[in-house]
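Computed from a predicted structure; not experimentally measured. Both ligands and their constituent atoms are indexed starting at 1 by order of listing.
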Amino acid sequence: MDAKIAKLKEWVDASDNIVFFGGAGVSTESGIPDFRSVDGLYNQQYKYPPETILSHTFFMSEPEEFFRFYRAKMLALDAEPNAAHLKLAEWERIGKCRAVITQNIDGLHQKAGSREVLELHGSVLRNYCMRCHKPYDVRDIAAGQGVPKCTCGGMIKPDVVLYEESLDSYTINKSVEYIRNADILIIGGTSLAVYPAAGLINYYRGSKLVLVNKSETPADRSADLVIHAPIGEVFSQL
Ligand code: CNA
């Protein structure tokens, strides 16, 4: 076993207060593309850049185009959890992992069995009418065509945080509390480029800040352990 993975395993084995902070890279090994990798969504060609399509302004002004992109690229309902999701769920079950804080919207941590999952950017699995707030199943959104409409005539919006929208303050406060009190903070599969989510890691006060990411991140220099490798492969060895 690689010396860095052995070190991480030693820390994990001795801890009952691990907090995980992750992003889209956690789900690439489940077949869901991230944003910033070479094969990520930002490097594929669309009429508009993904930041534009996934903004509140675009959603309200061009909902047809939004849902065309959203159904094709953001919904992956057949994806299954990979070794990283499964290991985190196991750690929670045996009392090691206190919380998973995720920027992902795919629901795979819960599918793997994690219960304390703080979804900073919401979830594609929840959908509500913007007028009467009636909930809709994601399968209704996936199977439909054009702009999904409620029986009342209102537009249905996925419960995901679009660019220009603010994050839920309860979720942020709870995330800060977990991070501030964590023994080990493992950051994985995130470019740490999207704020305010990325700023939450600055609340960590411990001495075991771990980064598991394929590429370099702005936090590499302040981390106590940096592993540049696919997270599923790393976690399957822990
Ligand atoms: P990002 O900016 O696309 O960064 C992903 C990072 O993960 C990059 O640094 C990659 O090098 C790294 N990476 C890719 N695959 C792996 C892997 N197997 N192991 C380790 N590292 C890997 O994504 P962020 O999450 O940082 O950006 C935040 C956005 C992306 C959030 O708002 C998400 O909602 C959004 N997003 C989510 C999903 C999802 O829910 N699965 C998919 C695509 C985008």
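Minimum heavy-atom separation, Asn104 to Ser27: ND2-OG, 3.5 Å. Summarising the geometry of Asn82 relative to Gly232, their closest heavy-atom pair is OD1-CA, 4.3 Å, with the distance given to 0.1 Å. Between Asp224 and Lys208, the closest heavy-atom pair is OD2-N, 3.5 Å. Val160 and Val124 make their closest contact through CG1-N, 3.8 Å (heavy atoms, listed as atom of the first residue, atom of the second, distance). Contact detail for Ser222 and Leu209: the closest heavy-atom pair is O-CD2, 3.8 Å.
In this structure, Ser175 OG and Leu118 CG are separated by 4.5 Å, a value rounded to the nearest 0.5 Å.
A salt bridge between Glu80 and Lys111 is present, with a side-chain N of the basic residue lying under 4.0 Å from a carboxylate O of the acidic one. Classification of Arg93 and Glu90 as a salt-bridged pair fails, no side-chain N sitting under 4.0 Å from a carboxylate O. With respect to Lys4 and Asp2, no salt bridge is recorded, no charged nitrogen being found less than 4.0 Å from a carboxylate O. Salt bridge Glu165/Lys157: present, at least one basic N to carboxylate O contact under 4.0 Å. Between Glu177 and Lys174 there is no salt bridge, since none of the side-chain N atoms of the basic residue sits less than 4.0 Å from a carboxylate O of the acidic one.
Atom 34 (O) of ligand 1 has as its closest protein heavy atom Gln103 O, 2.8 Å. For atom 21 (N) of ligand 1, the nearest protein heavy atom (residue, atom name, distance) is Lys214 N, 3.0 Å. Scanning the protein heavy atoms around atom 15 (N) of ligand 1, the nearest turns out to be Thr28 OG1, 2.8 Å. What sits closest to atom 2 (O) of ligand 1 on the protein, heavy atoms only, is Arg36 NH1, 2.4 Å. Residue, atom and distance of the protein heavy atom nearest to atom 9 (O) of ligand 1 are Asn213 ND2, 2.9 Å. For atom 19 (N) of ligand 1, the nearest non-hydrogen atom of the protein is Ile231 N, 2.9 Å. Looking only at protein heavy atoms, the nearest one to atom 13 (N) of ligand 1 is Gly25 CA, 3.6 Å. Scanning the protein for heavy atoms near atom 4 (O) of ligand 1, the closest one is Ser191 N, 3.3 Å.
In this structure, Ala193 falls outside the shell of residues with a heavy atom less than 4.0 angstrom from ligand 1.
Counting heavy atoms under 4.0 Å from ligand 1, residue Asp106 touches it through both backbone and side chain. The residue Ala76 has no part lying near ligand 1, judged by heavy-atom distances below 4.0 Å. Of all the heavy atoms of His121, the ones lying under 4.0 Å from any atom of ligand 1 belong exclusively to the side chain.
One option in Leu120, Val26, Asp34 has a heavy atom closer to atom 14 (C) of ligand 1 than any other, and that option is Asp34. Relative to atom 29 (C) of ligand 1, the option among Tyr163, Phe35, Phe235 with the closest non-hydrogen atom is Phe35. Among Gly232, Ser215, Gly188, the residue whose heavy atom lies nearest to atom 11 (O) of ligand 1 is Ser215.
Ligand 1 has no N or O atom lying under 3.5 Å from any N or O atom of Val194, backbone or side chain. Taking any N or O of Ile105, backbone or side chain, at least one lies under 3.5 Å from an N or O belonging to ligand 1. Of the N or O atoms in Ala24, one or more lie within a sub-3.5 Å distance of an N or O in ligand 1. Checking only distances, Met74 never comes within under 3.5 Å of ligand 1, N or O to N or O.
Listed by number with element, the atoms of ligand 1 under 4.0 angstrom from any heavy atom of Gly23 are 25 (O). The Thr190 neighbourhood of ligand 1 comprises atoms 6 (C), 7 (O), 9 (O), 24 (P), 26 (O), with distances under 4.0 Å to a heavy atom of that residue. Close approach of ligand 1 to Ile32 is summarised as follows: ligand atoms under 4.0 Å from at least one heavy atom of the residue are 41 (N). Against a heavy-atom cut-off of under 4.0 Å, Pro33 is close to the following atoms of ligand 1: 42 (C), 43 (C). Atoms of ligand 1 lying under 4.0 Å from any heavy atom of Gly189, numbered from 1 in the order shown and given with element: 5 (C), 6 (C), 7 (O), 21 (N). Shown in contact with Glu29 at under 4.0 Å from a heavy atom are these atoms of ligand 1, numbered in order with element: 17 (C), 18 (N), 19 (N). Residue contact check: Ala229 has heavy atoms under 4.0 Å from atoms 19 (N), 20 (C) of ligand 1. The ligand atoms of ligand 1 that sit less than 4.0 angstrom from a heavy atom of Ser27 are 41 (N).
Defined by atom type and a distance below 3.5 Å, a donor-acceptor pair is missing between the side-chain atoms of Asp159 and Ser123. For the residue pair Thr171 and Glu119, no side-chain donor N or O sits within less than 3.5 Å of a side-chain acceptor on the partner.
In this pair, His56 and Phe59 present their aromatic rings tilted. The plane angle is within the 30 to 60° band.
Thr28 is linked by a side chain to side chain donor-acceptor pair (under 3.5 Å) to nothing, counting only residues two or more places apart in sequence or in another chain. Under the rule for a side-chain contact (heavy atoms from CB on, under 4.5 Å), the partners of Ser55 that lie at least two apart in sequence or sit in another chain are Thr57, Phe58, Tyr163, Glu164.
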